[in-house]
Amino acid sequence: MKMLDTIPIRPAPSPAANAPALLREIAAALDALLLSGRRHCIDLGSLPLSTADRDLLREALGTGEIRMELVALGSSRIEETGVPGVWWVRHSSEDGILLTESLEICHVPEIVPADTTDIANGLQRLRQALALRESGGH
Amino acid sequence: MDETILDAFRQNGLSRRAFLKFCAATASLLALPPAAAAAMAEKLASTPRPTVIYLSYQECTGCLESMTRSFSPTIEHLMFNSISLAFNDTLQAAAGEAAEAARKEAMRKAWGKYILIVDGAVPMGAGGAYCVAAGQSAVDDLRHAAQGAAAIIAVGTCAAFGGVPYAAPNPTGAVPVSEVIRDRPIINVSGCPPIPEVMTGVVVYYLSFGMPALDRQGRPLTFYGNTIHDRCYRRPFYDEGRFAHTFDDEGARNGWCLYELGCKGPVTYNACATLKWNQGTSFPIQSGHGCLGCSEPDFWDKGGFYRPLPAATGHWPRGEVLGGAALGGTVVGVGAAALARSRQQAAAAKSAKEVSSPSPKEDSHEH
Amino acid sequence: MSTETDLLDFARGPALEAALIILVFGIFWRLVGVLALRRPRDLSEPRVRHAWLGGVRTIFTRMWPRREFRPRILHWEMVSYVFHIGLAVVILGLVPHILLIRDITGLSWPGLPTGVITFAAGVALISLLALLAHRATHPVLRRISNFDDYFSWLLVFTPLLTGLMAYYHLGGRYEDLLAMHMLSAELLLAWLPFSKLAHTVLFLFSRGVTGTIYSRRGAQI
Amino acid sequence: MTGTDTQFPLELNQPRLSIQKPEPRYDKQGEMADTERLDRAMRGFVKDFGATAALYMESCVHCGQCAEVCQYYVQTGDPKYTPIWKLEPFKQAYKRETGPFAPFFRLFNLKRRVTVRELEEWQELIYDSCTQCGRCTMVCPMGIDIASLVGLARHGMAAAGLVPHELWATVERAKREGSPLGATPAVLKDRIAWLEDEHSVEIPLDRSQADVLMTISSIEVMKYPQSIVALARIMKRMGASWTFRSDGYEATNFSMFAGDQQGQREASLKLIEAAIAVGASVLILPECGHAYQALRWQGANLYGKPLPFRVLQIAEYLAEGIRQGKLQLQPVQSSVTFHDPCQIVRRGGATEAPREVLRALGVELREMDAHGAYNWCCGGGGGVVTIHRADPLRYKTYQIKMQQVEDTGAEMLVSTCSNCRQTFDDGQAHFHWDKTAQSLLELVADHLVTEQE
């Protein structure tokens with residue numbers, strides 16, 4: 001590894017010009033959310049974002065009130081930014097590798113509310129557990 | 001109602017959230033618009049779980065290795081657990097007649113609907129005798145399996161373009177799948193091996209949205225729409241004219257363009273430069289070696305991996321051939337000059353006989 | 001099996017080989033066919049000894065018109081120069097070209113950034129268009145031009161254009177454009193010995209011969 | 001020439017320059033079928049083709065620069081006067097007959113045969129509008145010596161009997177009488193005797209031995225006899241052993257212009273044999289441009305071996321005399337511009353000799369804007385001055401020369417070629433110009449330092 005480290009790899013400098021356009025897109029999406037309730041999602045992985053772009057986004061959006069961690073197929077972080085309705089969603093694999101990163105403009109990201117079937121399944125499991133407890137209690 | 005992929009997720013103890021995450025990750029991988037993730041989720045949640053038959057012929061199992069030995073098996077793992085991989089020689093536990101029986105049963109049940117993944121070229125020489133399993137040649141086996149397939153995915157350069165078995169002198173008469181099967185939609189997922197995420201992504205895309213848009217080589221444009229060169233992080237060096245001349249010179253150490261060392265990036269369509277390998281760790285050029293062009297047809301037979309792209313492909317003896325051309329030109333030139341000289345001599349002799357120009361009496365004018 | 005890569009392989013393989021063979025064969029045919037004609041010795045008493053030195057000098061001095069002639073020809077001479085220099089930069093400066101030359105001859109030299117090359121190619125293209133317009137409009141050039149002039153123009157123009165298109169991926173896939181570029185350049189190489197383009201070689205001889213004859217007489221040349 | 005005037009009377013009451021496009025008129029000699037004529041033209045053209053001419057034919061890139069320096073194109077703007085275009089049928093013929101690809105062209109008939117009509121049409125371009133001045137050679141980026149190719153083309157035209165009438169008649173007369181202007185040996189003797197009497201100078205004729213064989217242009221004999229007197233004075237002053245020979249005196253060689261190779265060879269051999277007969281170490285050519293081209297540079301090649309004597313143009317001889325102190329000259333109190341005869345200077349290489357003589361004369365030499373090897377032709381060379389139908393064109397080109405001379409502001413115009421001189425005289429008369437071309441030789445003779453006389 002020592003040898004490899006001595007080989008400098010200089011990636012091509014990419015222009016820091018995408019963040020302002022993204023911020024305008026976010027503003028437009030928030031408008032639409034307020035007017036018609038339409039959700040919007042921006043896949044950050046599909047955009048060439050430089051470090052400067054990311055810094056600008058972070059600075060402009062800030063940190064909000066909710067920070068969630070989802071543990072399913074690896075960890076996911078869902079954070080509301082300082083702009084309510086703008087969520088920064090990062091899905092990672094079980095090895096911690098980032099799979100996808102997106103900005104969701106919505107009241108709550110779709111992945112957060114519990115699904116009816118899952119609730120039903122959970123309820124079933126809960127009832128089974130209760131039944132077990134009751135039968136075991138006697 | 002048939003079991004769906006979402007159902008399969010649940011059976012593995014995963015929630016809908018995991019399913020949504022899977023869809024989001026896959027859509028991102030496929031470079032689909034984020035809205036497509038929702039559409040994909042909806043579709044996969046309602047579509048019956050497909051049957052996948054994975055057949056291997058003249059191949060090295062590198063493609064399967066690529067798919068299964070990746071560090072993060074999450075999605076791939078899910079794929080093959082969630083979709084119904086009914087048959088794969090290498091992965092399944094069953095062997096011998098039991099395996100054959102299982103395959104026949106799976107094909108019968110899903111006849112006309114299953115996805116056929118083919119890995120490897122098909123040898124046509126000697127009546128197909130170079131690749132025979134359970135008494136059936138690869139070509140017959142493929143023809144039969146293809147009849148019941150909704151679509152065929154030719155995985156790896158061997159299946160897509162013939163690959164290594166197809167390389168000159170091609171002793172087994174190997175051909176790509178597309179030369180055996182002409183009446184079924186075929187998606188070529190080339191590469192030696194293909195990027196695992198690409199293989200998964202193509203299957204998921206097909207299940208969600210049907211046939212993807214293909215390039216002229218039958219490859220999904222999503223992954224094969226750009227050349228390695230155009231997406232290469234070393235491209236600026238190419239434009240600046242900075243090149244590595246050998247593998248251990250200053251240019252190589254500085255990470256300059258590998259064009260002179262035979263990189264085939266400019267004519268190779270693949271997603272290596274963007275998706276990279278091993279969870280985005282690196283790809284050949286990043287590790288200091290030029291692209292071999294493994295996702296392109298006949299990549300073995302293009303004059304050599306280390307021969308620069310503009311160099312001639314042929315290994316003809318330059319000096320001898322061009323020297324011969326020079327000699328031939330000289331001989332013909334001398335011949336032409338000799339002919340001209342003899343004609344001149346004849347002309348001179350004839351003119352000498354006529355002595356001087358016409359006599360003064362015969363003098364006319366035309367107006 | 002697939003036509004587009006086949007085309008590129010054809011261009012890099014048999015077509016290149018054939019073009020080079022025709023090029024070398026044709027040049028020798030033409031040069032030897034001319035030089036092997038009668039060359040009677042000039043028996044007149046020379047005014048200057050070693051007149052061939054004057055021939056060599058003329059090869060260089062004839063690169064630029066004399067002061068007396070400039071007012072009437074210098075402007076188009078300069079356009080022609082711009083074209084020739086642009087073309088030389090493109091042919092000798094682009095790394096892929098150098099690699100091809102290295103592959104054939106073993107000679108190699110450092111390349112230029114592609115920005116410089118594309119600029120030179122653009123300049124060469126524009127000057128070529130100007131020269132074509134000049135040829136098509138000037139009464140003298142209209143009178144003396146023949147098929148060779150226009151076809152040779154086309155064969156020089158096409159590789160420049162397809163080369164730029166390939167670099168910028170305009171109008172097709174890279175390997176198609178590259179194949180077209182290489183094929184058009186190969187056509188140019190094969191056409192060269194039989195056309196006016198042979199002046200790339202002939203200029204040395206015709207200038208040298210006249211320079212020698214005139215120097216021998218002690219005349220300015 | 002006089003005979004031609006009666007045959008084609010010039011309409012002198014009409015201003016000749018107003019004739020923009022004179023009705024094409026082709027002159028033909030002899031009766032023969034077109035195919036025969038064509039065959040002769042092609043053979044005459046092709047038979048002398050060597051590697052050099054072939055190289056020129058192969059090298060043209062059709063850049064058109066030759067037109068821009070040719071007096072005929074510059075003055076008319078007519079593209080047919082483009083020098084290389086004047087060779088077009090011959091280029092076709094070369095490619096079909098002699099070029100390296102000729103067998104190929106013949107086999108597939110890719111270069112069609114030239115027709116007699118084309119040759120007739122090209123007569124004007126090959127003869128009337130080319131003085132073989134070679135200015136185009138100096139600009140050609142490929143270094144093609146177009147004038148020499150025109151010479152070869154004229155071989156073909158002459159063999160086919162397609163020479164302009166007056167030039168042909170001049171040549172025939174020269175061959176018949178030994179001189180194009182009727183200066184037969186008898187006339188020459190007569191003239192010399194008369195000049196000796198008139199000017200009380202000794203003009204040696206037909207001596208059996210002499211160091212110097214003097215030759216003469218019949219233009220001088222008939223039009224500028226004072227030139228001969230000047231020559232005699234100078235030679236006497238230099239103390240040279242010299243003579244004229246009635247068996248070899250005519251230096252002009254109109255056969256060369258016409259393309260009549262046999263006539264050219266015969267005319268040159270006369271001089272060569274006379275020089276050998278008197279044991280001359282030097283043969284002096286008179287003030288005549290094409291004589292220099294014919295004998296100095298082509299003589300030995302027609303003779304078949306190197307000449308056993310030196311060939312000098314008179315200006316070169318004068319310059320040598322000055323250098324050796326044999327000639328002392330009085331200064332000429334005048335500004336002079338020098339017209340370079342193309343065949344002596346540009347195509348002959350004797351650029352410095354006349355200037356050396358002028359310097360010895362102490363003149364204020366005012367060079368023309370383009371001079372020496374880049375000079376403009378007087379317009380009368382190449383036999384053009386003999387061709388009457390070419391007069392309107394010749395006067396147009398002459399205007400360039402007049403302008404050049406005027407621009408120098410020099411008081412005196414000097415040259416060293418009697419063919420140029422007669423062109424100047426004709427132009428002077430036509431334009432009522434006040435400048436007369438002087439002979440360098442006569443200028444020297446008039447400014448010899450007077451000795452004990």
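Side-chain atoms are counted along with the backbone in the values below, which use heavy atoms only and exclude waters and symmetry mates. In the text below, chain A, chain B and the rest are named by the order of the sequence lines, each starting its count at 1.
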Where on [X] is there a heavy atom nearer than 4.5 Å to chain D: the side chain, the backbone, both, or neither?
X         : value
Arg66(C)  : side chain
Arg67(C)  : side chain
Asp149(C) : side chain
Thr58(C)  : neither
His134(C) : neither
Ile221(C) : both
Asp148(C) : neither
Phe203(C) : both

Q: Would you sort out whether Arg207(C) and Met142(D) count as a side chain to side chain contact (heavy atoms under 4.5 Å, CB included), showing the intermediate values?
A: CA-CA 6 Å; Arg207(C) 283 184 191 175; Met142(D) 296 297 290; 5.5 Å; no

Q | Which atom of Trp297(D) lies closest to which atom of Glu45(C), heavy atoms considered | A |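 Closest approach of Trp297(D) to Glu45(C): CZ3-O, 3.5 Å.
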
Side chain, backbone, both or neither: which part of [X] has a heavy atom under 4.5 Å from chain C?
X         : value
Val345(D) : backbone
Ser59(D)  : both
Phe49(D)  : backbone
Val69(D)  : side chain
Ala102(D) : neither
Ala67(D)  : side chain

(Q) Can you tell me how the ring of Phe194(C) sits relative to the ring of Phe101(D), calling it parallel under 30°, perpendicular over 60° and tilted otherwise? (A)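 It falls in the tilted class, 30° to 60°.
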
When heavy-atom pairs shorter than 4.5 Å are enumerated against chain D, which of [options] gives the highest number?
options                                 : answer
Gln220(C), Glu68(C), Arg47(C)           : Arg47(C)
Gly33(C), Pro65(C), Ser44(C), Ala219(C) : Ser44(C)
Val32(C), Leu43(C), Leu35(C), Leu31(C)  : Leu43(C)

Q) Between Arg72(C) and Gln65(D), is any pair of side-chain heavy atoms under 4.5 Å apart? A)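 No, too far: nothing below the 4.5 Å cut-off.
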
(Q) With heavy-atom distances below 4.5 Å as the criterion, would you say the side chains of Arg346(D) and Arg217(C) are in contact? (A)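 Not in contact.
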
Q.
Taking side-chain hydrogen bond (donor to acceptor under 3.5 Å, both in side chains) as the criterion, tell me which of Lys196(C), His199(C), Arg30(C) meets it with Glu58(D).
A.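 Answer after filtering Lys196(C), His199(C), Arg30(C): Arg30(C).
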
(Q) Assess the residue pair Ile213(C) and Asp145(D) against the criterion (side chain to side chain contact (heavy atoms under 4.5 Å, CB included)); give the C-alpha distance rounded to whole Å, side-chain angles, the decisive distance to 0.1 Å, and a yes or no. (A) CA-CA 10 Å; Ile213(C) 293 172; Asp145(D) 190 19; 5.6 Å; no

Q | Distance-only side-chain donor-acceptor flag, Tyr214(C) / Arg347(D), under 3.5 Å | A |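 Short answer, yes.
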
